[in-house]
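Below is one structure, written out as structure tokens, with a few remarks after it.
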Amino acid sequence: MQGLIQRVKHAKVEVEGQIIGQIEQGILLLLGVEKHDDDNTADKLLHKVSNYRIFTDENDKMNLSLKDIQGELLVVSQFTLAADTKKGMRPSFSSAATPAQANELYDYFVNQAKAAGLTVATGQFAADMQVSLCNDGPVTFNLAV
């Protein structure tokens, strides 16, 4: 499971011109699901996303997590994160989960994040989405579990 996180001042996702998910300060998570992923993988990534210290403290050091600042989380499915780009000039998606498996784990991840008390907004699985954000820093990390 791949999680590309971006520390944001605000972010939103639109489908067909309508805002379907929007957050203020927090994390935009682009979530890619691979064939070998399961609930345990999703739980590990959620723990990392919610506790990863990427927000600055009073000394301007990255010591605070999403939980610490009571920030918001925008989760957007992004199957292209599972691409193999090592060979050739066209990505291979052979390691990506099937749409059914990916959707199931995406929903599981979102539900677990909500159950953990996070304020969560989402994109729409498998939709053509437009994502807008103000990357704070910029701060971006690729989290793998």
- Test item: Val110 and Val120 side chains (from C-beta on) under 4.5 Å apart, heavy atoms: yes
- Would you kindly confirm whether Val75 and Val145 end up in one hydrophobic cluster when ILVMFWY residues are joined by side chain heavy atoms under 4.5 Å apart? yes
- Note on the structure: Minimal heavy-atom distance between Ile20 and Val15, with the atoms involved, is CD1-CG2, 3.4 Å
- Is there a donor-acceptor pair under 3.5 Å between the side chain of Tyr106 and the backbone N or O of Val33? no
- Message: To the closest 0.5 Å, what do you measure between CG (Asn135) and CG (Leu28)?
- Response: 8.5 Å
- Examine Ile54 and Val49 and state if one hydrophobic cluster contains both, with Ile, Leu, Val, Met, Phe, Trp and Tyr joined whenever side-chain heavy atoms are less than 4.5 Å apart. yes
- So, for Ser95 and Ala82, which heavy atoms are closest and what is the spacing to 0.1 Å? OG-O, 2.8 Å
- Query: So, do Val8 and Asp136 sit near enough that their side-chain heavy atoms are less than 4.5 Å apart?
  - Reply: no
- Heavy atoms only: give me the nearest Ile19-Glu14 pair and the separation to one decimal. CG1-CG, 3.9 Å
- Message: Would you say that Leu4 contacts Thr140 through its side chain, given a criterion of any heavy-atom pair below 4.5 Å between the two side chains?
- Response: yes
- Message: Nearest 0.5 angstrom please: Glu34 CD to Gln101 CD, how far?
- Response: 10.0 Å
- Are Leu118 and Ile27 connected, step by step, through hydrophobic side chains (Ile, Leu, Val, Met, Phe, Trp, Tyr) whose heavy atoms are closer than 4.5 Å? yes
- Item | Distance in Å, Leu45 CG paired with Asn40 CG, rounded so as to fall on 0.5 Å steps | 11.5 Å
- Task: Answer yes or no: does atom CD of Gln70 have more than 12 heavy-atom neighbours from other residues, nucleotides or ligands under 6.0 Å?
- Result: no
- Item | More than 12 heavy atoms of other groups within 6.0 Å of Glu104 CD | no
- If you look only at pairs with a residue in residues 46-103, which of them pass as a ring-ring contact (aromatic ring centres under 6.0 Å, His included), with sequence neighbours excluded? Tyr52-Phe141, Phe79-Phe93
- Note on the structure: Heavy-atom nearest pair, Ala42 first then Met1, reads CA-SD, 3.7 Å
- Can you tell me if Asp84 uses its side chain to pair, donor with acceptor, with the backbone of Lys86 under 3.5 Å? yes
- Task: Following the transitive rule for hydrophobic clusters with a side-chain heavy-atom cut-off under 4.5 Å over Ile, Leu, Val, Met, Phe, Trp and Tyr, establish whether Leu143 and Met62 coincide in one cluster.
- Result: yes
- Measure from the side-chain N and O atoms of Asn103 to the backbone N and O of Pro99, and report whether any donor-acceptor pair falls under 3.5 Å. no
- Item | Atom of Val13, atom of Gly123 and distance for their closest heavy-atom approach | CG1-CA, 3.7 Å
- CD of Gln25 to CD1 of Ile69, rounded to nearest 0.5 Å, is 4.0 Å
- Item | Over all atoms of both residues, closest heavy-atom pair of Lys35 and Ala96 | CG-O, 3.2 Å
- Query: How about Glu24 and His10: do any of their side-chain heavy atoms sit closer than 4.5 Å?
  - Reply: yes
- Could you tell me whether a side-chain N or O of Gln78 sits under 3.5 Å from a main-chain N or O of Gln2, the two making a donor and an acceptor? no
- Query: Is there side-chain contact between Arg53 and Leu64, with at least one heavy-atom pair below 4.5 Å?
  - Reply: no
- Task: Using the rule that two of Ile, Leu, Val, Met, Phe, Trp, Tyr join whenever any of their side-chain heavy atoms come within less than 4.5 Å, decide whether Val139 and Leu73 are in one cluster.
- Result: yes
- Within a strict 4.5 Å, meaning less than it, do heavy atoms of the Ser92 and Lys87 side chains meet? no
- Message: Atom NZ of residue position Lys48 - does it have more than 12 heavy atoms of other residues, nucleotides or ligands inside 6.0 Å?
- Response: yes
- Message: Working to the nearest 0.5 angstrom, can you tell me the gap between Leu29 CG and Gln6 CD?
- Response: 10.0 Å
- Query: Measuring from Phe125:CZ to Leu105:CG, what's the distance to the nearest 0.5 Å?
  - Reply: 9.5 Å
